[in-house]
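The next block holds one structure in the form of structure tokens; read it before the comments.
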Amino acid sequence: MEYFGGTLAFIALFLLNTAICETTCGFEACPAPKLNMINVHLVPHSHDDVGWLKTVDQYYYGSQNKIQHAGVQYILDTVVEELLKDSSRRFIQVETFFFAKWYSEQTETVQRAVKKLVAQGRLEFAGGAWSMNDEATVHYQSVIDQFNLGLRYLKDTFGDCGRPTVGWQIDPFGHSREMASMFAQMAFNGEFFARMDYVDKKQRMLDLEMEMIWQSSEFLKNSNIFTGMLYNHYAAPPGFCFDINCEDAPIIDGESYDNNVDARVSEFIDYVKNMAKSYRSTHIMVPMGDDFQYEDAAVNFKNMDKLIKYVNDRQSTGSQVNVFYSTPSCYLYELHQLKQTWPNKTKDFFPYSSDSHSYWTGYFTSRPTQKRFHRDGNHFFQTVKQLSVLANLSGTQHSEDLDNLSQAMGIMQHHDAVTGTEKQAVASDYDRMLFKAIVGAENSARDALRSLTNLTSGEFKSCLELNISVCAFTQDTANNVIVTLVNPLAHSSTQYVRVPAKNENYIVTDEKGREMFSEVVPVPWQVLALEHRPNDTQHELVFKASVDKIANFLIRVLPTPKNIAEDQVYFPAERSQDELTVETSLVKLTFDTTTGGLKTVEMNGLTENIQQTFGIYKGYRGNNGESKNRSSGAYVFRPSGDIEIVNSKVELTFYNGTRVKEVQQHVNEWISQVIRIYEDVNRVEFEWLVGPIPTDDDVGKEIITRFSSNISSKGKFYTDSNGREILERERNQREHFTPDMSEAISGNYYPVTGQISLQDDEKRITLLNDRAQGGSSLKDGELELMLHRRLLNDDAFGVGEALNEIQYGTGLIARGKIYLILDAVAGKPNQRLLQHQLDQHFWKFFSKSNGVASVNKNMIPDFFGIPKSVELLSLEPYSKDQILIRLENFNTEGNVVSFNIYPLFESLDGYQIWETTLDGNMLLEDVKRFKFAQDGTGNIPSSVEYYHAPHSPLTANSTMNASGFVVTLVPMQIRTFIIQQKYIPS
């Protein structure tokens with residue numbers, strides 16, 4: 001780059017004097033500490049949000065600095081230049097998205113210099129994912145994908161030296177146990193973060209428990225991982241921010257009246273000594289950086305050089321403080337060498353509170369439509385990856401389109417993206433980016449399906465507005481439309497399919513010409529009334545389909561019109577009965593026609609009084625000058641007073657179909673719902689529509705739905721962790737400390753990515769959702785989920801805008817689904833397999849054809865040997881002629897499951913197969929992860945200990961006997977494999 005023009009000669013000299021093969025990364029590159037001293041690991045870093053107040057591009061290029069002064073390209077320019085000047089200097093890079101963009105713009109000379117810095121451990125990657133992901137609202141499948149993306153880039157660019165060994169989750173607003181588990185499964189040695197409930201942190205500082213061993217899984221062995229909490233957020237010590245955007249005094253060491261060396265050194269040493277009182281070891285880690293710092297890195301490093309020199313000079317007069325440049329991995333290495341014990345941690349760090357009135361539980365729900373779009377993006381991403389493998393797509397454009405979607409999804413995991421805590425302009429840019437990537441990847445899906453079916457010129461269009469019953473492809477007519485269903489699951493699945501259509505008489509046939517039972521269902525009038533919704537189609541065609549991997553169904557309109565939908569509509573409010581009963585062979589619902597609300601649910605041989613209501617929390621409005629005046633905002637949920645239940649009489653409309661029964665509820669002018677049950681489906685579906693939330697009374701509102709029962713839950717309920725393991729919650733309680741419950745409602749809210757449940761000794765109610773939401777059980781027998789938020793004040797935690805989403809000139813309308821299951825208590829709550837099936841339901845593609853469509857079965861791999869409890873988490877192209885497969889055992893109870901993967905391997909033209917860590921980029925046999933001893937075990941190791949692979953890694957090839965391809969999975973285990981395909985000449 002032109003920026004380096006003045007230093008190219010220096011870079012050339014650096015390259016000349018350091019052999020290209022010199023690799024001293026890893027712990028060999030760590031600085032040596034001193035005995036009997038406080039060893040201070042200074043960690044230069046810059047926290048670079050992948051979008052927040054500015055868009056990702058604005059942050060990278062440094063535009064729109066009137067919003068926030070930040071330019072990541074200049075940070076990396078100057079950091080690299082400064083690292084080259086002094087071999088003792090260090091810097092950690094976290095967000096791979098920004099680094100990859102910058103690195104691609106550099107000259108070959110600069111790239112070689114950067115490779116040197118990485119190989120020598122002077123530029124180190126921490127975390128290494130595409131972005132620093134959130135931990136409350138993300139789904140584990142998407143987190144794994146974005147680590148695969150980032151770590152693969154680092155491996156391909158820098159080899160083993162580019163692979164991080166520690167997680168650096170310094171800014172997410174609370175921390176999940178599943179994230180810690182993923183770090184352990186990726187063979188990371190530990191993780192560090194900077195946010196923890198303020199009461200918890202205060203207690204841990206007193207008890208010397210700021211660093212701990214986290215048991216990150218209830219089921220997986222070797223899941224313990226070292227976890228550290230930073231002392232002063234992730235910023236430099238107060239008064240020692242040497243960045244050009246700070247106002248702290250530099251180190252003045254010349255012959256000047258303003259010379260401040262003695263004062264600054266004393267101040268720093270005092271800080272270090274005070275900080276050391278909160279940690280157990282003689283090593284402490286001091287971050288030197290903050291948001292978007294080091295844009296002129298010479299200023300930072302020059303002053304840190306001086307600080308290190310003059311602090312260490314004090315050792316000659318008896319100081320026991322030793323300071324040096326370091327990295328988180330080097331710090332953790334030294335702790336591991338100490339062979340001491342550490343406190344235990346078993347649950348998570350939710351909810352996060354920063355003061356008495358600031359529980360950061362609002363972002364669990366903020367921007368609900370974007371949270372759903374994020375989940376849709378993941379669904380389509382998994383679908384296209386699988387199709388790319390099945391059709392063996394190898395074109396450059398195909399790879400580029402898939403990579404663009406992968407990168408867009410990686411950016412969406414960022415802790416100010418999926419969380420909904422960004423400015424509105426940035427949220428719109430995220431949506432634009434993801435939409436563009438989906439549209440691009442649709443071309444890959446189309447080309448794959450043209451190869452996998454006989455529809456060689458099929459359009460294979462996706463419809464992204466099916467949630468409001470809109471599809472441009474069927475807008476004029478659904479006659480002679482082929483619906484191609486792709487099943488991302490490992491097993492054959494039977495599901496009901498809904499297609500926007502006009503009210504006509506249809507026949508649906510499968511590939512063999514067999515007629516599928518179908519019926520036409522009216523779309524609720526509240527959906528039809530949505531502004532800017534085209535109302536050409538006011539009904540949905542519903543049919544039941546069974547699909548192995550891909551199946552085609554032909555829709556035709558019969559010549560004789562038959563107005564089935566209108567014949568079946570029924571208005572129970574006109575009847576004299578007090579109750580309306582709606583039932584299938586598996587589920588029976590009773591409604592109170594006086595109130596219009598749900599009354600009882602019967603399923604699985606059980607009956608329970610379950611009432612559903614909608615409620616409004618009024619958002620607190622304050623000036624944020626002190627904690628008691630904190631407003632409810634994008635981050636914080638702070639209701640003003642108790643809940644206001646919507647008590648208006650609910651208007652009911654009943655559609656009594658043959659296989660689908662729908663009760664349409666009109667709650668008020670801006671809340672409505674469809675409660676739906678299907679024949680042979682053992683759950684109740686609630687499809688809610690909320691908005692525009694009114695604010696004409698100058699009050700922001702947060703909308704929940706609540707399910708009340710007689711179940712005696714004794715203060716306990718259960719929520720998932722990022723869609724995987726289930727954690728028990730207890731009202732007003734925490735694992736390690738007594739919380740400040742000044743905000744008793746928001747202080748009991750937890751992130752619900754997939755499910756929330758409660759139970760007594762006999763019955764259990766589980767709610768499954770279609771996006772991340774906040775949820776709780778504020779009274780025994782009650783579960784609630786927050787659906788939507790519209791607020792008029794900012795909460796003063798940085799975003800600088802009220803969460804007041806506007807669409808078409810009025811408040812945003814959101815629509816989504818909740819599924820309810822009533823069943824008997826047997827073991828711990830677990831609806832994970834169903835949740836996965838709901839998340840990865842059939843993806844629908846549409847084409848025009850009046851002919852019979854068929855699937856090229858010979859191109860579909862053999863998944864039939866995979867056990868029912870095991871699902872296909874990933875099937876995707878890894879690199880040229882290589883396929884990545886992840887298999888997950890969804891069981892939480894019972895024994896291990898085993899099966900032979902050889903039929904799948906063979907059907908994918910496999911030549912070799914090997915097993916990797918969870919991310920897919922490190923051989924499992926190479927795992928050597930730090931093991932730390934826990935307090936109370938009576939075990940103080942005499943030598944350093946390590947975790948290795950939890951089982952014998954699978955390595956096999958096509959010349960071996962099939963008996964060598966057996967895969968065994970314990971409950972909840974994920975195993976990741978790379979298949980090298982046989983070379984097939986083009």
Side-chain angles (χ1 to χ4, degrees), residues 47 49 51-54 66-70 134 136-137 170-174 194-202 232-235 238 241 245-247 290-292 350-367 415-416 419-427 616-643 693 695 697-703 739-749 751 774 786 788-806 811:
H47 175 59
D49 288 305
W52 179 37
L53 308 182
K54 303 200 296 189
K66 64 181 182 294
I67 299 174
Q68 182 183 14
H69 188 93
D134 174 53
T137 62
I170 56 173
D171 202 27
F173 327 123
R195 295 189 190 271
M196 176 189 291
D197 187 288
Y198 81 102
V199 178
D200 192 6
K201 181 180 179 180
K202 183 178 180 180
N232 180 44
H233 199 45
Y234 50 79
C241 177
N245 292 316
C246 292
E247 298 178 357
D290 212 308
D291 292 3
F292 299 100
F350 289 117
Y352 163 58
S353 171
S354 54
D355 59 57
S356 297
H357 300 284
S358 302
Y359 270 101
W360 296 45
T361 55
Y363 81 94
F364 299 163
T365 302
S366 296
R367 301 193 189 277
H415 59 270
D416 284 307
T419 53
T421 54
E422 71 275 35
K423 283 187 179 292
Q424 181 58 54
V426 180
I616 301 169
Y617 289 113
K618 295 180 179 179
Y620 191 93
R621 303 191 70 178
N623 62 14
N624 299 310
E626 52 184 321
S627 65
K628 69 179 182 180
N629 293 325
R630 179 73 61 197
S631 290
S632 201
Y635 301 95
V636 169
F637 167 38
R638 188 188 182 195
S640 178
D642 204 354
I643 193 169
I693 300 173
T695 56
D697 56 356
D698 211 29
V699 175
K701 299 172 183 66
E702 322 199 32
I703 313 308
D740 180 344
M741 297 306 295
S742 299
E743 299 292 334
I745 297 174
S746 58
N748 279 303
Y749 256 64
M786 186 176 288
H788 199 357
R789 316 177 73 218
R790 187 183 183 190
L791 299 163
L792 304 181
N793 279 46
D794 177 40
D795 53 22
F797 282 114
V799 73
E801 285 182 358
L803 184 69
N804 185 8
E805 294 183 276
I806 303 296

Main-chain N/O of [Y] paired with [X] side-chain donor or acceptor, under 3.5 Å:
| X | Y | answer |
| --- | --- | --- |
| Lys701 | Val699 | yes |
| Arg630 | Arg638 | no |
| Ser366 | Ala634 | yes |
| Lys54 | Gln68 | yes |
| Asp794 | Val799 | no |

With [X] via side chain to side chain contact (heavy atoms under 4.5 Å, CB included) - residues at least two apart:
| X | result |
| --- | --- |
| Asn623 | Asn629 |
| Asp291 | His47, Asp49, Trp52, Tyr234 |
| Pro751 | Ala136, Phe350, Phe364 |
| Tyr198 | Ser353, Ser356, Asp740 |

Check the pair Glu743, Asp355 against side chain to side chain contact (heavy atoms under 4.5 Å, CB included), reporting the backbone distance first and the verdict last. CA-CA 10 Å; Glu743 299 292 334; Asp355 59 57; over 6 Å; no
pair [X]-[Y]: side-chain heavy atoms closer than 4.5 Å:
| X | Y | answer |
| --- | --- | --- |
| Val636 | Ser358 | yes |
| Asp642 | Ile745 | yes |
| Thr365 | Tyr749 | no |
| Asp171 | His233 | yes |
| Ile67 | Lys423 | yes |
| His357 | Tyr620 | no |

Closest non-hydrogen atom pair, Gly619 against Leu791 =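 Looking at all heavy atoms of both residues, the shortest contact is CA-CD2, 3.9 Å.
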- Message: For a quick test of reading the model, state the closest non-hydrogen atom pair linking Pro351 to Thr361 and the distance between them.
- Response: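 Of all heavy-atom pairs spanning Pro351 and Thr361, the closest is CB-CG2, 3.5 Å.
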(Q) side chain to side chain contact (heavy atoms under 4.5 Å, CB included), that's the test. Do Tyr363 and Asp134 meet it? Break it down for me. (A) CA-CA 11 Å; Tyr363 81 94; Asp134 174 53; 3.6 Å; yes
**OP:** Step by step, work out the side chain to side chain contact (heavy atoms under 4.5 Å, CB included) result for Phe173 and Phe797.
**Re:** CA-CA 11 Å; Phe173 327 123; Phe797 282 114; over 6 Å; no
**Study point:** Gap separating the CD1 atom of Ile693 from the CD1 atom of Ile703, nearest 0.5 angstrom
**Key:**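 If I round to the nearest 0.5 Å, the distance is 4.5 Å.
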Check: What is the distance from atom CD of Glu801 to atom CG of Leu53, rounded to the nearest 0.5 Å?
Finding: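 Reported value, rounded in 0.5 Å steps: 8.5 Å.
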Practice prompt. Answer yes if the ring centres of Tyr617 and Phe637 are under 6.0 angstrom apart, and no otherwise.
Written response: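 Ring-ring flag for Tyr617/Phe637: true, centres closer than 6.0 Å.
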State which residues pass side chain to side chain donor-acceptor pair (under 3.5 Å) with Asp795; sequence neighbours excluded, sorted by chain then number.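 Partners of Asp795 by the side chain to side chain donor-acceptor pair (under 3.5 Å) criterion come out as none, since no residue qualifies.
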Q.
My understanding is that only residues two or more places apart in sequence, or in another chain, count here; which of them pass salt bridge (Lys or Arg N to Asp or Glu O under 4.0 Å) with Arg789?
A.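 Salt bridge (Lys or Arg N to Asp or Glu O under 4.0 Å) list for Arg789, sorted by chain: Glu702.
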* Verify side chain to side chain contact (heavy atoms under 4.5 Å, CB included) between Asn804 and Gln424, making sure each step is shown before the conclusion. => CA-CA 9 Å; Asn804 185 8; Gln424 181 58 54; over 6 Å; no
